[in-house]
Asks: 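Please see the structure below; I have some questions.
If you read the sequence from its start, that first residue is 1, and numbering goes on from there.
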Amino acid sequence: LNESMRAGELKNDILAAATLASKAFRNYFEFLDGELSKRSKGDFAAGDEYFNFLLREFHLLPYDSDKIEKIGLESIESTLEVIKSLAAEISPHKDWTEVIETIKNETPPKENLLDHYRAEITKSRNFILENDLVTVPDDESLKVIETPASHRNTYPYAAYLTAPPFEKNQEGIFWVTPVDENADESRQKEQLAGHSHAAIAVRTLHEGYPGHHLQYCHANRIDSKIRRIFGTSVFAEGWALYCEQMMSEQGYYNDKKTRLIQLKDQLWRACRIVIDVRLHTKRCTYDEAADMLVRVARIERSNAEAEVNRYTQSPTQPMSYLIGKLEIDRLLKIYREKNPDIQLKKIHDKLLSYGTVPPALVRNSMMGTN
């Protein structure tokens with residue numbers, strides 16, 4: 001468009017295009033609701049064969065669905081043990097679930113959610129710079145906005161959108177899902193409980209610094225064009241979950257409550273492993289999956305349902321978080337044993353220099369076995 005054109009001059013063209021688009025959407029909805037839904041006899045479940053294919057061929061993992069489920073169940077038990085111990089230190093006479101619920105009710109006002117996320121992002125970025133934990137590339141930034149209404153049914157808390165892989169200025173987008181103002185008071189309170197002060201502290205470093213945003217900024221600077229656009233969630237989510245633990249070990253969490261919420265989130269990721277397998281191999285129903293998130297991981301019911309909505313659409317993605325962290329933990333343990341004096345920043349920079357490829361490929365290269 002000519003730069004001299006004003007928006008007012010385009011009004012009629014925009015209205016005409018909007019009318020056509022609205023009609024097309026209406027026709028498509030009628031097709032989905034009136035025709036396709038009546039003849040569709042499919043199931044969202046990927047099936048055991050395809051699930052195992054993704055594990056083996058896409059993520060390059062040495063596990064089948066049965067082994068993945070077993071890892072998830074064992075992780076639930078081991079994480080619960082640590083949670084109970086820490087909760088007892090915080091409130092000796094309360095059950096761990098009561099301690100969690102108390103922390104979840106310590107929230108910022110719903111009107112100031114985005115400001116609290118922005119402040120925590122600045123804090124985590126400054127921490128990794130001050131402690132020299134990983135290189136922060138030039139020309140990067142992170143913008144915090146509300147999650148679009150179209151995605152709030154599947155992203156109840158927050159999400160990260162990577163910067164375009166070939167853009168000079170790497171501006172990532174951090175979605176924060178606001179409280180639904182049209183919901184009743186109890187549902188609004190339930191949604192806000194997912195944005196406690198402790199949860200925001202953990203979530204911002206997972207999605208931002210040194211988590212997804214920083215990892216993808218590194219990936220989008222490597223020479224290989226293919227590696228800039230290809231990736232596996234096992235590495236991406238594994239790195240972000242590794243960062244939650246690593247930042248705790250480096251002293252970023254300065255209170256036991258935040259550490260407890262970080263562990264509670266790890267428990268949630270362990271449940272994701274089990275649910276991912278069971279949903280897509282038809283070992284559990286949608287309602288049973290949501291019930292597990294509420295009962296075991298202490299996720300709010302409305303948010304648990306939104307989570308399961310997403311799980312049904314993405315076989316092997318939900319299990320990627322904790323499985324990826326475990327794979328990265330093993331990789332770095334071996335690498336440190338071979339390089340005992342290496343600085344943590346150099347380890348992180350080397351790990352991120354491979355892009356977002358499966359950890360198995362990174363391990364082969366870092367250990368010189370390729």
Asks: Give a yes or no on this: more than 12 heavy atoms of other residues, nucleotides or ligands lie within 6.0 Å of atom CD of Glu49.
Replies: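 Counting neighbours around CD of Glu49, 12 or fewer heavy atoms of other residues, nucleotides or ligands fall under 6.0 Å, so no.
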Asks: Can you confirm whether Gln188 sits close enough to Val179 that some side-chain heavy atom of one is under 4.5 Å from a side-chain heavy atom of the other?
Replies: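 The answer is yes, as the side chains (C-beta and beyond) meet within the 4.5 Å cut-off.
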Asks: Quickly, which of Arg278, Lys282, Arg283 forms a salt bridge (Lys or Arg N to Asp or Glu O under 4.0 Å) with Asp48? Name it, please.
Replies: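 Running salt bridge (Lys or Arg N to Asp or Glu O under 4.0 Å) over Arg278, Lys282, Arg283 with Asp48 returns exactly one hit, Arg283.
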Asks: Answer yes if the side chains of Gln313 and Thr154 hold a donor-acceptor pair under 3.5 Å, and no otherwise.
Replies: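 No pair is found: no donor N or O on one side chain lies under 3.5 Å from an acceptor on the other.
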Asks: With distance as the sole test, does Arg221 use its side chain to make a donor-acceptor pair with the main-chain N or O of Pro137 at under 3.5 Å?
Replies: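 Not confirmed, Arg221 side chain does not pair with Pro137 backbone.
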Asks: Counting only heavy atoms from other residues, nucleotides and ligands, does the tally under 6.0 Å from CD1 of Ile226 exceed 12?
Replies: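 Atom CD1 in Ile226 is not crowded, with 12 or fewer foreign heavy atoms closer than 6.0 Å.
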Asks: Does Arg298 come within less than 4.0 Å of Glu98, counting only side-chain N to carboxylate O?
Replies: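 Between Glu98 and Arg298 there is no salt bridge, as every charged N stays at least 4.0 Å from the carboxylate O atoms.
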Asks: For the atom pair CD1 (Ile323) and CG (Leu55), what is the distance rounded to the nearest 0.5 Å?
Replies: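 Interatomic distance, Ile323 CD1 to Leu55 CG, rounded to 0.5 Å: 8.5 Å.
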Asks: Decide ring pair (Phe, Tyr, Trp, His ring centres under 6.0 Å) for Tyr157 and Trp268; before the verdict, give the C-alpha distance in whole Å, the side-chain angles of both, and the deciding distance to 0.1 Å.
Replies: CA-CA 13 Å; Tyr157 305 113; Trp268 164 34; 5.7 Å; yes
Asks: Can a salt bridge be assigned to the pair Glu244 and Lys325 using a cut-off of 4.0 Å between side-chain N and carboxylate O?
Replies: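 Result for this pair is no, no salt bridge flagged.
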Asks: Centroid-to-centroid, His218 to Trp239, below 6.0 Å?
Replies: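 Here the rings of Trp239 and His218 have centres that are no less than 6.0 Å from each other.
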Asks: Verify the distance criterion only: is there a donor paired with an acceptor across the side chains of Asp95 and Thr97 at less than 3.5 Å?
Replies: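 Note: Asp95 and Thr97 side chains meet the donor-acceptor criterion.
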Asks: With Arg259 as the cation and Tyr253 as the aromatic partner, state whether NZ or CZ is under 6.0 Å from the six-membered ring centre and within 45° of the axis.
Replies: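 Not flagged: Arg259 not positioned over aromatic ring of Tyr253.
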Asks: Does either side chain, that of Gln343 or that of Asp132, offer a donor lying less than 3.5 Å from an acceptor on the other one?
Replies: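 There is such a pair between these side chains.
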Asks: Between Pro358 and Phe235, is there a side-chain heavy-atom distance shorter than 4.5 Å?
Replies: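 Heavy-atom side-chain distance check fails, nothing below 4.5 Å.
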Asks: Can you name the closest pair of heavy atoms from Pro156 and His195 and give their distance?
Replies: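 Shortest heavy-atom contact: O-NE2, 4.0 Å.
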Asks: Has Tyr286 got more than 12 heavy atoms of other residues, nucleotides or ligands less than 6.0 Å from its OH?
Replies: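 Above 12, so yes.
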Asks: Under 3.5 Å, side chain of Lys104 to main-chain N/O of Val99, donor-acceptor pair present?
Replies: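 Such a contact is absent between Lys104 side chain and Val99 backbone.
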Asks: Any carboxylate oxygen within less than 4.0 angstrom of a Lys/Arg side-chain nitrogen, looking at Arg203 and Glu120?
Replies: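 Here Arg203 does not pair with Glu120 in a salt bridge, since their nearest N and O are not under 4.0 Å apart.
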Asks: Classify the side-chain pair Tyr63/Arg56 by whether it contains a donor and acceptor separated by less than 3.5 Å.
Replies: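 No donor-acceptor contact under 3.5 Å links the two side chains.
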Asks: Verify the distance criterion only: is there a donor paired with an acceptor across the side chains of Ser302 and Glu190 at less than 3.5 Å?
Replies: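 Distance-only check passes for Ser302 and Glu190.
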Asks: Kindly say whether the aromatic ring centers of Phe127 and Tyr252 come within a distance under 6.0 Å.
Replies: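 They qualify: ring centres under 6.0 Å apart.
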Asks: Does the pair Asp349/Lys346 count as a salt bridge with the N-to-O cut at 4.0 Å?
Replies: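 No.
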Asks: Looking only at heavy atoms, what is the nearest atom pair of Pro108 and Ser196, with distance?
Replies: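 It is CD-C, 4.5 Å.
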Asks: Are Tyr242 and His206 linked by a side-chain donor-acceptor pair shorter than 3.5 Å?
Replies: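 Not at all, the side chains of Tyr242 and His206 share no donor-acceptor pair under 3.5 Å.
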Asks: Any idea which heavy atoms bring Leu205 and Ser124 closest together, and the distance?
Replies: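 For Leu205 versus Ser124, the nearest heavy atoms are CB-CB, 4.4 Å.
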Asks: My understanding is that only one of Glu185, Lys189, Gln191 makes a side chain to side chain contact (heavy atoms under 4.5 Å, CB included) with Arg187; could you say which?
Replies: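 Exactly one candidate clears the test, Gln191.
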Asks: For the residue pair His212 and Tyr216, categorise the inter-ring angle as parallel (less than 30°), tilted (30 to 60°) or perpendicular (more than 60°).
Replies: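 It falls in the tilted class, 30° to 60°.
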Asks: Are more than 12 heavy atoms, taken from residues, nucleotides or ligands other than Phe31, located less than 6.0 Å from that residue's CZ atom?
Replies: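 Counting other residues, nucleotides and ligands, CZ of Phe31 exceeds 12 neighbours.
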Asks: I'd like to know if the side chain of Ser233 pairs up with that of Gln317 as donor and acceptor (distance under 3.5 Å, no hydrogens or angles considered).
Replies: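 No donor-acceptor contact under 3.5 Å links the two side chains.
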Asks: Quick one: sort the Phe230 and Phe58 rings into parallel, tilted or perpendicular, breaks at 30° and 60°.
Replies: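 Rings of Phe230 and Phe58: perpendicular, as their planes differ by over 60°.
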Asks: So does Phe166 have more than 12 non-hydrogen atoms from other groups sitting under 6.0 Å from CZ?
Replies: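 Yes, enclosed.
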Asks: Could you check whether Glu207 and His213, counting side-chain N and O atoms only, form a donor-acceptor pair closer than 3.5 Å?
Replies: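 Glu207 and His213 do not have a side-chain donor-acceptor pair below 3.5 Å.
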Asks: Validate the cation-pi geometry between Arg272 and Tyr321: distance from NZ or CZ to the six-membered ring centre under 6.0 Å, angle to the ring axis within 45°.
Replies: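 Verdict for Tyr321: a cation-pi partner in Arg272.
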Asks: Can a donor-acceptor pair be found between the side chains of Gln170 and Asn220 at a distance below 3.5 Å?
Replies: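 There is such a pair between these side chains.
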